[in-house]
Amino acid sequence: MKVAVTAAGTDLEAKVDPRFGRSPYFLFVETETMDFEAVENPNLALGGGAGIQSAQFVVEKGAKAVLTGNCGPNAYQTLTAAGVQVAVGANSSVREAVEKFKSGGFETTSGPNVEDHFGAGGGSYSGHPGGGFGRGMGRGMGRGMGRGMGRGMGRGMGLGVMASGSWTGEAPTQPSQGDELEVLRQEARAMEEEKNRLMDRIHQLETGEKVTRAIARIDQKKCVGCRICVPACPTQAIRMEGEKAVVNDDGCISCGRCVEVCPTAAISMS
């Protein structure tokens, strides 16, 4: 059986890292032989979504179980939706954690044990908060046109991440350049999406023709009702009907975020 262990190093004697999405390494260990592969976490510097992306990475590598210190709600939903067991509370070496798992010393958890963005401030979690940062911006436009006619639009957004934990008097770690860069990219992407929506509306008003774009489509046979796509949609165009996710075509802006986060590949753009 292949298990994925969050690790601070690249061998079996490395300490289990308490963060799932922001663990520096994943060790994929075959429990029967203890053969292993150490892989650097490709999602370590993400400003947001590291838990989901890391969970998808683990699923793609074929792991059937995850051993870690803590697991947040988004990562937990992604892993369990794909049939991967999750065991939390590991705080030993990778080798000792795997041996304990093999002997039945770990019980798979029935839910996440930390909040979203746990450990997002960078560095090893030691009971004090990691660095936190946020950027916010807003803009508004308004105009009036004679006889009291007028319209206005306003939009604002803020992005921020902070590690969970209790304050011990230590100074918080400053966000890395990579973290700030990812937040800026997210803001730029959101602004581009808003620009596209406005340009589509301008075109429709000028020509009377509605712009045709690719819309997210959900294969109801593949949808497992994990709800991960619902908060991922920036325009709240996805909602749950019973145990299945559905898309409001008028609200979809073709950003593809739902496609990226879906653990069962149930969503496509068409």
Trainee: Would you mind reporting whether F101 and M1 have side-chain heavy atoms less than 4.5 Å apart?
Mentor: yes
Trainee: Donor-acceptor pair, distance only, cut-off 3.5 Å: does the side chain of E96 make one with the backbone of S93?
Mentor: yes
Trainee: Is V224 linked to M240 within one hydrophobic cluster, defined over Ile, Leu, Val, Met, Phe, Trp and Tyr using a side-chain heavy-atom separation of less than 4.5 Å?
Mentor: no
Trainee: Checking the side chain of Q56 only, and the main-chain atoms of E260 only, is there a donor and an acceptor separated by less than 3.5 Å?
Mentor: yes
Trainee: How about L67 and V98: do any of their side-chain heavy atoms sit closer than 4.5 Å?
Mentor: yes
Trainee: To the nearest 0.5 Å, what is the distance between CG on N70 and OG1 on T6?
Mentor: 9.0 Å
Trainee: If you take all heavy atoms of C258 and C229, which pair is closest and at what distance?
Mentor: CB-CB, 4.1 Å
Trainee: Side-chain contact test, heavy atoms from C-beta onward, threshold under 4.5 Å: evaluate it for S92 versus K15 and give yes or no.
Mentor: no
Trainee: Between K64 and V3 (side chain of the first, backbone of the second, donor and acceptor by atom type, cut-off under 3.5 Å), is there such a pair?
Mentor: no
Trainee: Side chains of residues 79-91: which donor-acceptor pairs under 3.5 Å do they make with residues two or more places apart or in other chains?
Mentor:
residue, atom, partner, partner atom, Å
T80, OG1, Y76, O, 2.8
T80, OG1, Q77, O, 3.4

Trainee: Which pair of heavy atoms, one from P24 and one from R19, lies closest together, and at what distance?
Mentor: CD-NH2, 3.7 Å
Trainee: Shortest non-hydrogen contact from A50 to N43?
Mentor: CB-O, 3.7 Å
Trainee: Taking the side chain as C-beta and beyond, is there a heavy-atom pair between V29 and L12 under 4.5 Å?
Mentor: yes
Trainee: Do the side chains of D219 and K221 get close enough for a salt bridge, i.e. N-O under 4.0 angstrom?
Mentor: no
Trainee: Taking the side chain as every heavy atom from C-beta outward, state whether I228 and T78 have any pair of such atoms under 4.5 Å apart.
Mentor: yes
Trainee: So, Q220 side chain and A245 main chain: donor-acceptor pair closer than 3.5 Å or not?
Mentor: yes
Trainee: Specify the closest pair of heavy atoms between T10 and A14, including all atoms of both residues, with the distance to one decimal.
Mentor: N-CB, 4.2 Å
Trainee: Inspect the surroundings of CD in E32 and state if more than 12 heavy atoms from other residues, nucleotides or ligands are less than 6.0 Å away.
Mentor: yes
Trainee: Measure from the ring center of F20 to the ring center of F26 and say whether it is less than 6.0 Å.
Mentor: yes
Trainee: Less than 4.0 angstrom from a charged side-chain N to a carboxylate O is my criterion; do E99 and K102 meet it?
Mentor: yes
Trainee: Which is it for V94 and F36 under the side-chain contact (heavy atoms from CB on, under 4.5 Å) test, yes or no, and what are the steps along the way?
Mentor: CA-CA 11 Å; V94 173; F36 70 92; over 6 Å; no
Trainee: So, does N41 use its side chain to make a donor-acceptor pair with the main chain of S23 at under 3.5 Å?
Mentor: yes
Trainee: Would you say the side-chain atoms of S54 pair up with the backbone N or O of G51, donor to acceptor, closer than 3.5 Å?
Mentor: no
Trainee: Atom CG in D11, atom CZ in R95: separation rounded to 0.5 Å?
Mentor: 8.5 Å
Trainee: Can you name the side chain to side chain contact (heavy atoms under 4.5 Å, CB included) partners of S268, sequence neighbours left out?
Mentor: R217
Trainee: In the structure I gave you, are the side-chain heavy atoms of R239 and V246 within less than 4.5 Å of one another anywhere?
Mentor: yes
Trainee: So which heavy atom on E40 is nearest to which on Y25, and how close?
Mentor: CA-CD2, 3.6 Å
Trainee: Do any N or O atoms from the side chain of N113 and from the backbone of C71 form a donor-acceptor pair under 3.5 angstrom?
Mentor: yes
Trainee: One thing to verify: whether K61 and E37 come together as a salt bridge, which I'm taking to mean a side-chain N less than 4.0 angstrom from a carboxylate O.
Mentor: yes
Trainee: What's the verdict on side-chain contact (heavy atoms from CB on, under 4.5 Å) for I218 and V247, showing C-alpha distance, side-chain angles and the deciding distance?
Mentor: CA-CA 7 Å; I218 301 178; V247 177; 3.6 Å; yes
Trainee: Verify the cluster assignment for V59 and V39: are they in a single hydrophobic cluster under the rule of side-chain heavy atoms below 4.5 Å apart?
Mentor: yes
Trainee: Could you grab the distance from atom CD1 of I52 to atom CG of N74, nearest 0.5 Å is fine?
Mentor: 4.0 Å
Trainee: If you round to the nearest 0.5 Å, how far is CE of M269 from SG of C255?
Mentor: 7.0 Å
Trainee: So which atom in V16 and which in V5 form the shortest heavy-atom distance, rounded to 0.1 Å?
Mentor: CG2-CG1, 3.9 Å
Trainee: To the closest 0.5 Å, what do you measure between NZ (K2) and CZ (F28)?
Mentor: 7.0 Å
